[in-house]
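I have placed the structure first, in the form of structure tokens, so that the comments after it can refer back to it.
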2 protein chains.
Amino acid sequence: MLELNQLEQLLTFARCGTLSAAAEELHLSQPALSRSMQRLEAELSVPLFTRQKNRIVLNENGELAVEYARKVVEDALDMKEKLVAQERARHTIFVGSCAPAPLWTLLPQISAACPDMTITSEIRNLDRLQKSLEDHTYQLVVLPFAPKDPKLLCRKLGEEHLYFTLPPAHPLANRKSLHLADLDGETMLLRPNLGFWGPIVKQAMPRTKFLVQDNEAFNELVKFSILPSFVTDLSLRREGPPPDRVVVPIDDPCVQITYYACCEKKLAKRLKLGL
Amino acid sequence: MLELNQLEQLLTFARCGTLSAAAEELHLSQPALSRSMQRLEAELSVPLFTRQKNRIVLNENGELAVEYARKVVEDALDMKEKLVAQERARHTIFVGSCAPAPLWTLLPQISAACPDMTITSEIRNLDRLQKSLEDHTYQLVVLPFAPKDPKLLCRKLGEEHLYFTLPPAHPLANRKSLHLADLDGETMLLRPNLGFWGPIVKQAMPRTKFLVQDNEAFNELVKFSILPSFVTDLSLRREGPPPDRVVVPIDDPCVQITYYACCEKKLAKRLKLGL
DNA sequence: AGTAATTACGAGGTACGTAACAATC
DNA sequence: GATTGTTACGTACCTCGTAATTACT
């Protein structure tokens, strides 16, 4: 029977030009490779080399064989690669969310329900998330609304509400509540990777200059600057109140969010998700 | 290393459904096949089966693996097939001729010059032969003229001239020579596989009814009928004169043929043809 | 009982490496 | 003399078949 091994050896020889060099690259003794190529010829019942006493070169058949061997070996490697990828995907739940906060409770729930699964999560905009329900980029998607698709199983995850954090000296710090428009035009601090929160506030506060800082810098700037920033009830519960800041609720309906976890019904069973 | 062997075993299992049946088809013991599939899974580091104590079924990975294995194995078989075909072609000279007679002397010449070659010859019409010089269906072509292509090497092979054979009682049997038109309208005997001779005489004798008989029947009918037929100087030399027949030369220029053997110059060297 | 799959164990074959040889540069 | 390829020989590993075990129908 023809062996993939031998085809790889043939390719190596074609690349190296001599049996010696190829044998070394293959971590094989030269006589072993010589015999292996003889077996290959016998197996194919076709001579692949022209041999002088001291020299061995691919003949016309050999050149053709190399072409084919390349394809066969590549396909075999591709097979292995694709299988490993699929196997990994079988043990991974890809979660896409429109915002970070709902993942804080959802991901541990999934981990507990599917202890043998790897969970990978990403923050993506709403367009990407809705498309992904069709192309299966994500098995589970967190949206700020519940799509009406009958193939989907949707569960309400909880709510999130947005707040300003203002330095106590801020003129509006004593208000019971505010609207986004009340601070429009000022400069504000923003965390990165806020998902759909970014577009929401940018649209409602078009004249505001947002300074996006990584989390570490953000915390420092909240502490040592008077720039207003945002928190939500969920982030407050997770991280506690920011130091030396007044937290003021925002009344706009567009920042009162209800999250829904959605996945295909048949997947819900396989993933054992108690949605 | 992944083995083609194992992929074929996987395909057999997919076809048969049980290890036992597959093992039998593979002329292998069932434990051997079981272990081989375990090795395949280990090699791919991916489970391919779902196992109950008594039952083994392809899982999702297994199904995908079968798809790929099919392609890989097919390509490998295709490789072998193509190589064998090329190797055979390397040792075969395909000769196309417009008529049988020139092959009688040409084929032995080639055999003598290339003792390690197989010679295959076919009679084809002129269109096919001329095209074959481009598509390399034939390495060597016998034509009734010498193409002017500079890439071609052409050698004159010899001449062939057509004769009527008539029963002695035929009204024209005492003529020194005849024209094709002289017998047009009668019924004539014809051998099969005459190559371009068929079209020549049919065009020159449009009102003649030709009875095409295989060689054995043809000889009998020449002997026991009074139907006129053809011979050529070459066939006379090879087979002797027909019994109880008068042989009359035909004067038409279109039946005075000169044959040329033509092949590509570079091939002439490789085939060692002393053209 | 019969079929089907895995594990255990002994045997045979196959491919490897080392060594010896031949030939070319 | 150094490099390259083939042949010879002994060994080690690997895969096979038989047999035993377990489980399902």
Side-chain angles (χ1 to χ4, degrees), chain A residues 1-63 65-66 69 72-73 76 80, chain B residues 1-63 65-66 69 72-73 76 80:
Chain A
M1 182 62 202
L2 190 61
E3 306 252 355
L4 275 181
N5 221 347
Q6 296 174 308
L7 298 187
E8 272 195 302
Q9 291 171 359
L10 178 68
L11 294 180
T12 306
F13 169 76
R15 188 154 20 84
C16 298
T18 70
L19 285 182
S20 314
E24 187 175 2
E25 187 171 322
L26 290 163
H27 306 292
L28 208 67
S29 74
Q30 186 211 44
L33 183 58
S34 174
R35 284 186 303 251
S36 188
M37 292 298 93
Q38 289 168 13
R39 280 197 302 275
L40 180 59
E41 289 178 295
E43 170 58 39
L44 297 169
S45 55
V46 158
L48 302 176
F49 307 93
T50 59
R51 299 156 197 271
Q52 290 111 37
K53 290 291 175 187
N54 196 22
R55 189 148 202 82
I56 185 169
V57 189
L58 287 171
N59 69 9
E60 194 178 348
N61 295 330
E63 300 284 358
V66 167
V72 172
V73 170
K80 182 166 181 175
Chain B
M1 181 61 202
L2 191 60
E3 307 251 354
L4 275 182
N5 221 348
Q6 296 175 307
L7 299 187
E8 271 195 303
Q9 291 170 359
L10 179 68
L11 294 180
T12 306
F13 169 77
R15 189 155 17 85
C16 297
T18 70
L19 286 182
S20 313
E24 187 174 1
E25 187 172 321
L26 290 163
H27 306 293
L28 208 68
S29 73
Q30 187 213 39
L33 183 57
S34 174
R35 283 186 304 250
S36 188
M37 292 298 93
Q38 289 167 14
R39 281 197 301 274
L40 179 59
E41 288 179 295
E43 170 57 40
L44 296 168
S45 55
V46 159
L48 302 176
F49 307 94
T50 60
R51 301 157 196 271
Q52 290 109 38
K53 289 291 176 187
N54 196 20
R55 190 146 202 82
I56 184 169
V57 188
L58 288 171
N59 68 9
E60 193 178 350
N61 294 330
E63 300 284 358
V66 167
V72 172
V73 170
K80 180 166 181 175

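FYI, side chains are in, hydrogens and waters are out, and symmetry mates aren't considered; it's all heavy atoms of this structure. A, B, ... follow the sequence lines: proteins, then strands. Residue 1 opens every chain.
- Rounded to whole angstrom, the span from the CD atom of A:E24 across to the C1' atom of D:dT4 amounts to 13 Å.
- Looking at residues 32-51 of chain A, you'll see A:A32, A:R35, A:R39 sit with a heavy atom under 4.0 Å from some atom of DNA chain C.
- Taking for each of B:Q9 and A:F13 the nucleotide of DNA chain D with the nearest heavy atom, the 5'-most of the two is the partner of A:F13.
- Using a 4.0 Å heavy-atom criterion, one finds that A:S20 contacts the sugar-phosphate atoms exclusively.
- Rounded to a whole Å, the CZ atom of B:R55 is 8 Å from the P atom of D:dT25.
- At the phosphate of D:dT3, neither OP1 nor OP2 sits under 4.0 Å from any side-chain N or O atom of A:T18.
- Summarising the geometry, atom CZ belonging to B:R39 is positioned 12.0 Å from atom CG belonging to B:L2; distances are rounded to the nearest 0.5 Å.
- Rounded to a whole Å, the CD atom of B:E3 is 14 Å from the C1' atom of D:dC16.
- Closest contact between the side chain of B:I56 and the listed nucleotides C:dA19, C:dA5, C:dT7 involves C:dA5.
- Whole-Å rounding puts the A:N54 CG to D:dG5 P distance at 7 Å.
- Note: CG (A:N5) to C1' (C:dC16) measures 12 Å, nearest angstrom.
- Of the candidate nucleotides C:dA19, D:dT3, C:dT3, C:dA19 has the atom lying nearest to any side-chain atom of A:P31.
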Do any side-chain atoms of residues 9-24 of chain A form donor-acceptor pairs under 3.5 angstrom with protein atoms, and if so which ones, sequence neighbours left out?
unit_1 : atom_1 : unit_2 : atom_2 : d
A:Q9   : OE1    : A:S36  : OG     : 2.5
A:T12  : OG1    : A:E8   : O      : 2.9
A:R15  : NH1    : A:E25  : OE2    : 2.5
A:T18  : OG1    : A:A21  : N      : 3.1
A:S20  : OG     : A:Q30  : NE2    : 2.9

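- One can place CG of B:L28 at 5 Å from P of D:dC16, the figure rounded to the nearest angstrom.
- C:dT24 atom P lies 17 Å from atom CG of A:L19, rounded to whole Å.
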